Each structure stands twice: as structure tokens, then as C-alpha cells.
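Quick caveat: nothing in here was measured; it's all calculated off a predicted structure.
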Amino acid sequence: MAKILVADDEPEIIELCTETLKRIQHTVIPAWTGPRTLELMRQEMPDLVILDVMLPGMDGYTVQLKIAEDPQLRSIPIIVLTALSPAKELFDKFKQVKGFLTKPFVPNELNDLVNTILGT
């Protein structure tokens with residue numbers, strides 16, 4: 001199935017996403033910082049990125065700005081994951097942002113959103 005990069009600084013969230021997505025046959029690549037997220041995106045070229053807003057080293061909004069500027073990365077769809085629901089407005093202008101999840105979320109919400117975006 002798909003290769004999905006999960007960028008979050010909370011190990012519990014990465015673990016929840018990993019277990020949830022593996023159940024539906026996806027491969028998960030974890031990233032704990034903003035700079036590592038960009039590095040892994042370039043190395044792995046995932047099919048989808050789940051991007052937390054609050055990341056150490058570089059916040060998710062800055063990561064998204066860099067993704068949008070990079071011709072190699074800007075076609076990769078993004079799901080923004082945040083506990084800050086007002087952050088949605090900041091990301092609305094990016095066409096590669098295909099969905100939002102607000103923490104805490106139910107695993108089925110993640111599955112449904114991933115399946116919708118990937119067309120599976």
C-alpha cells in the first residue's frame with residue numbers, strides 16, 4: 001500500500017498513527033522534528049505526510065512553507081495534525097494540504113481521511 005511519513009514530537013501519537021496505519025497495510029516512517037521531516041521526505045518520497053504543527057527545530061507551518069517551495073515535495077499530500085484547531089486557517093492556502101485532524105482523534109478518523117486522500 002502507501003508509504004506515510006508521520007511527523008510528531010509526541011511518541012504516543014506516532015505510535016497510535018503507526019499501529020492504526022499498519023492495520024490497513026501502510027508503511028509508516030516516523031519523524032520527531034521539523035528538519036528531520038524535510039530530510040526524510042526527500043529521502044523516502046512518501047505518498048502522504050501527516051504533519052504536526054508543534055514540532056521542535058522547525059514548526060509544522062515552516063515545514064509546510066518549505067514543502068510548498070520545493071518542486072520535488074510540493075505534490076505530496078499533507079494531513080495537518082494539531083491540538084490547535086485555529087491553525088487550520090494558516091494551512092488553508094496550501095493546495096497540497098488535503099485534510100486536518102485535531103488531537104485527540106479517533107483511529108477510524110485517521111483511516112477514513114487517509115483512505116479518502118489516497119483513493120483507497
(request) Would you mind listing every salt bridge (charged side-chain N to carboxylate O under 4.0 Å, His left out) that reaches into residues 58-73, with sequence neighbours excluded? (result)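 Checked against salt bridge (charged side-chain N to carboxylate O under 4.0 Å, His left out) - neighbours excluded - the pairs reaching residues 58-73 are R42-D70.
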Are [X] and [Y] in one and the same hydrophobic cluster, where Ile, Leu, Val, Met, Phe, Trp and Tyr link if side-chain heavy atoms are under 4.5 Å apart?
X: V63; Y: L5; result: yes
X: I4; Y: L51; result: no
X: M41; Y: L65; result: yes

(message) For a quick test of reading the model, state the closest non-hydrogen atom pair linking L118 to D47 and the distance between them.
(response)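 For L118 versus D47, the nearest heavy atoms are CD2-O, 3.9 Å.
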What side-chain donor-acceptor pairs closer than 3.5 Å can you find for residues 16-32, not counting sequence neighbours?
from : atom 1 : to  : atom 2 : distance (Å)
T18  : OG1    : I14 : O      : 2.7
T20  : OG1    : L16 : O      : 2.7
H26  : ND1    : A2  : N      : 3.1

Can you sort out the partners of [X] under side-chain contact (heavy atoms from CB on, under 4.5 Å), two or more places apart, ordered by chain and number?
X: S75; value: none
X: M45; value: Q72, L73, I76
X: D112; value: none
X: A83; value: K103

(request) Could you grab the distance from atom CD of Q96 to atom CD1 of I117, nearest 0.5 Å is fine? (result)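 Reported to 0.5 Å precision, the distance equals 12.0 Å.
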(message) Within this structure, what is the CG-CD distance for the pair L38 and Q64, rounded to the nearest 0.5 Å?
(response)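 Answer rounded to 0.5 Å: 9.5 Å.
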Sequence neighbours left out, what passes salt bridge (charged side-chain N to carboxylate O under 4.0 Å, His left out) with [X]? Give chain and number order.
X: E39; value: R36
X: E44; value: K3
X: R74; value: none

So [Y] and [X], do their side chains get closer than 4.5 Å, heavy atoms only?
X: L48; Y: P77; value: yes
X: L110; Y: I50; value: yes
X: I13; Y: D52; value: no
X: L55; Y: T33; value: no

(request) Any pair with a residue in residues 99-120 that passes ring pair (Phe, Tyr, Trp, His ring centres under 6.0 Å), sequence neighbours left out, goes on the list, sorted by first then second residue, please. (result)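 Every candidate ring pair (Phe, Tyr, Trp, His ring centres under 6.0 Å) pair involving residues 99-120 fails, so no pair, neighbours aside, qualifies.
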(message) Show every ring pair (Phe, Tyr, Trp, His ring centres under 6.0 Å) that has at least one partner inside residues 71-99, sequence neighbours left out.
(response)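 For residues 71-99, and leaving out neighbouring residues, the ring pair (Phe, Tyr, Trp, His ring centres under 6.0 Å) pairs sorted by first residue read Y61-F91, Y61-F94.
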(message) Suppose we screen for side chain to side chain donor-acceptor pair (under 3.5 Å). Which residues come up paired with N108, at least two apart in sequence or across chains?
(response)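 By the side chain to side chain donor-acceptor pair (under 3.5 Å) rule, N108 matches no residue at all.
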(request) Return yes if some donor-acceptor pair links the side-chain N/O of K95 with the main-chain N/O of D92 below 3.5 Å, else return no. (result)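 The answer is no, because no donor-acceptor pair under 3.5 Å joins these two groups.
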(message) Counting neighbours of CE on M58 that are heavy atoms of other residues, nucleotides or ligands and sit closer than 6.0 Å, is the number greater than 12?
(response)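 Yes, CE of M58 has more than 12 neighbouring heavy atoms, counting only those of other groups under 6.0 Å.
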(request) Please indicate whether Q43 has more than 12 foreign heavy atoms, meaning atoms of other residues, nucleotides or ligands, lying under 6.0 Å from its CD. (result)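 Yes, CD of Q43 has more than 12 neighbouring heavy atoms, counting only those of other groups under 6.0 Å.
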